[in-house]
Engineer: 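Starting off with a structure, shown below.
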2 protein chains.
Amino acid sequence: MDDLDRAILRCLLADGRATFHEIGRRVRLSPPAVKRRVDRMLARGEISHFTAVIDPGSLGWEVEAYVEIYYDGNVLKDELATSLAGIPQVVGVWNVSGDADALVHVMAGSIAELEDTIEQIRRTDRLQRTRSAIVLSRLFERSLG
Amino acid sequence: MDDLDRAILRCLLADGRATFHEIGRRVRLSPPAVKRRVDRMLARGEISHFTAVIDPGSLGWEVEAYVEIYYDGNVLKDELATSLAGIPQVVGVWNVSGDADALVHVMAGSIAELEDTIEQIRRTDRLQRTRSAIVLSRLFERSLG
DNA sequence: GATGAAAGTACGCGCAG
DNA sequence: CTGCGCGTACTTTCATC
């Protein structure tokens, strides 16, 4: 991972479908050289994969919330992951240090659906309480370059 | 946005560099038909753009935290966004309802850098206090399909 | 379907260890 | 002298009309 790789990465973060030709033009490298470096970054896991960034709103995901969960005693990571992965509205879960034990990212179509989802989260085994923050607006979001 | 569009979207979420041929093979559509639909989704803003998903760890971003911020009185969205956008470690900011006023997503190379970053966030105008949750592990993260 | 562009592959060269 | 990484040339596949 040198400066050239980082420059290629910046191009791919900005446009994940950029051609090797176009990237090569920007970083002054031939298309095959760019491909080799991209393949290497993929093999090393530096690039996980490529994806489309979608607008949640235009897909009907109007409500977003971050829900802290507090549990009673010890809960295994796998246990928690498995039970929460079964809820489609749960799009991310992180174990955290601090007051709460875990942070859950929820996307829902409506406030009612959010309520249902939190209700479902609360049914998780040994879950003590939750503390929610509903997203009012995204101020900004950027990819790490 | 019909089922066919959603099927195409699923392909692009799984592989943002998939060719129109490959997508067409999966959804039983000709490559030009796929392209027209993708272009339409881009034009409508349903697909925002394409990008590479990178592994934060292999790029040196070893520490991740969510920082709630509480401010004193009213703070304008633009004001907050502008001042926090100046901190490179701040990768996302959302205004939220609940106890806190905003939620800040922070990525840092080390605990020391995280400390510095929180210190910087605290220097934001009219900021009263912060409450941090350091991410211990990602249990899972998925894209909304 | 046809054409032009990009991806993928093979081979040889130059440079650093 | 070996390994790595680039570029050129060529074939296959894809995009676009």
Side-chain angles (χ1 to χ4, degrees), chain A residues 1-61 141-145, chain B residues 1-62 88 91 107-110 113 141-145:
Chain A
M1 169 70 43
D2 57 11
D3 286 344
L4 219 42
D5 281 338
R6 271 182 284 272
I8 293 169
L9 207 45
R10 270 196 299 276
C11 295
L12 287 171
L13 286 169
D15 178 10
R17 286 181 78 85
T19 63
F20 296 139
H21 193 98
E22 170 61 18
I23 298 166
R25 202 184 54 76
R26 290 183 185 278
V27 305
R28 311 223 162 265
L29 230 52
S30 70
V34 173
K35 177 185 160 33
R36 278 190 291 265
R37 282 172 174 269
V38 172
D39 286 346
R40 193 175 59 182
M41 287 192 276
L42 281 165
R44 285 176 179 163
E46 291 158 354
I47 297 174
S48 148
H49 64 286
F50 296 94
T51 194
V53 178
I54 64 183
D55 174 41
S58 59
L59 269 92
W61 302 96
E141 215 162 344
R142 72 173 145 220
S143 57
L144 9 87
Chain B
M1 169 69 48
D2 56 12
D3 286 344
L4 220 41
D5 280 340
R6 272 182 283 273
I8 293 170
L9 204 47
R10 270 195 299 278
C11 294
L12 287 170
L13 286 169
D15 179 11
R17 287 181 76 85
T19 63
F20 297 137
H21 271 81
E22 171 61 17
I23 298 166
R25 199 183 56 77
R26 291 182 185 278
V27 303
R28 311 223 163 266
L29 230 53
S30 71
V34 174
K35 181 185 164 27
R36 275 192 295 269
R37 283 172 175 268
V38 172
D39 285 346
R40 193 176 59 184
M41 287 190 277
L42 279 164
R44 286 176 178 163
E46 293 160 350
I47 297 174
S48 149
H49 64 286
F50 296 95
T51 193
V53 178
I54 63 182
D55 173 42
S58 58
L59 268 92
W61 302 96
E62 299 290 352
V91 294
M107 297 288 285
S110 63
E113 190 182 316
E141 214 161 345
R142 73 174 145 218
S143 54
L144 9 90

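So you know, we letter chains A, B, ... as the sequences are listed, proteins then strands, and number each from 1. Note that the structure is a prediction, hence the values are computed from the model and not measured.
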Engineer: What pairs meet the side chain to side chain donor-acceptor pair (under 3.5 Å) rule with one or both residues in residues 30-39 of chain B, with sequence neighbours excluded?
Structural biologist: B/Asp2-B/Arg37, B/Asp5-B/Arg37, B/Lys35-B/Asp39
Engineer: Report the end-to-end axis angle of the helix from C/dG1-D/dC17 to C/dG17-D/dC1; each axis comes from five terminal pairs, and the value is rounded to 10°.
Structural biologist: 20°
Engineer: What is the distance, rounded to the nearest whole Å, between atom CZ of A/Arg17 and atom P of C/dA5?
Structural biologist: 19 Å
Engineer: Take B/Val53 and A/Ile47, measure what side chain to side chain contact (heavy atoms under 4.5 Å, CB included) needs, and give me the verdict at the end.
Structural biologist: CA-CA 6 Å; B/Val53 178; A/Ile47 297 174; over 6 Å; no
Engineer: Minimum heavy-atom separation for A/Cys11 to A/Val27, with atom names?
Structural biologist: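 Closest heavy-atom pair between A/Cys11 and A/Val27: SG-CG1, 4.4 Å.
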Engineer: Tell me: CE of A/Met1 to P of D/dC4, nearest whole Å?
Structural biologist: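 These atoms are roughly 18 Å apart.
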Engineer: Write down the atom of B/Val34, the atom of B/Gly24, and the distance for their closest heavy-atom approach.
Structural biologist: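 For B/Val34 and B/Gly24, the tightest heavy-atom pair comes out as CG2-CA, 3.5 Å.
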Engineer: Take the protein atom CG of B/Asp15 and the nucleotide atom P of C/dA7, then report the distance between them rounded to whole Å.
Structural biologist: 13 Å
Engineer: Please check if the side chain of A/Arg17 supplies one atom and the backbone of B/Phe50 the other of a donor-acceptor pair under 3.5 Å.
Structural biologist: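 The answer is no, because no donor-acceptor pair under 3.5 Å joins these two groups.
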Engineer: If you count the non-hydrogen atoms of other residues, nucleotides and ligands that lie under 6.0 Å from CZ in B/Arg26, is the total more than 12?
Structural biologist: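 No, not enclosed.
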Engineer: What N/O pairs connect the protein and nucleotides 13-17 of chain C at under 3.5 Å? Give each pair on its own line.
Structural biologist:
none

Engineer: For residues 46-57 of chain A, which residue pairs pass the side chain to side chain donor-acceptor pair (under 3.5 Å) check, not counting sequence neighbours?
Structural biologist: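 Those involving residues 46-57 of chain A are A/Asp55-A/Ser58.
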Engineer: A/Arg142: which residues meet the side-chain hydrogen bond (donor to acceptor under 3.5 Å, both in side chains) condition with it, sequence neighbours left out?
Structural biologist: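 For A/Arg142, no residue satisfies side-chain hydrogen bond (donor to acceptor under 3.5 Å, both in side chains) once neighbours in sequence are set aside.
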Engineer: Go through residues 21-45 of chain B and report each residue with a non-hydrogen atom lying under 4.0 Å from DNA chain C, sorted by number.
Structural biologist: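 Result for residues 21-45 of chain B: none.
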Engineer: Quick check against the 3.5 Å criterion: does B/Glu113 have a side-chain atom that pairs as donor or acceptor with the backbone of B/Gly109?
Structural biologist: yes
Engineer: If I take atom CZ from residue B/Arg28 and atom CD1 from residue B/Ile23, how far apart are they, to the nearest 0.5 angstrom?
Structural biologist: 15.0 Å
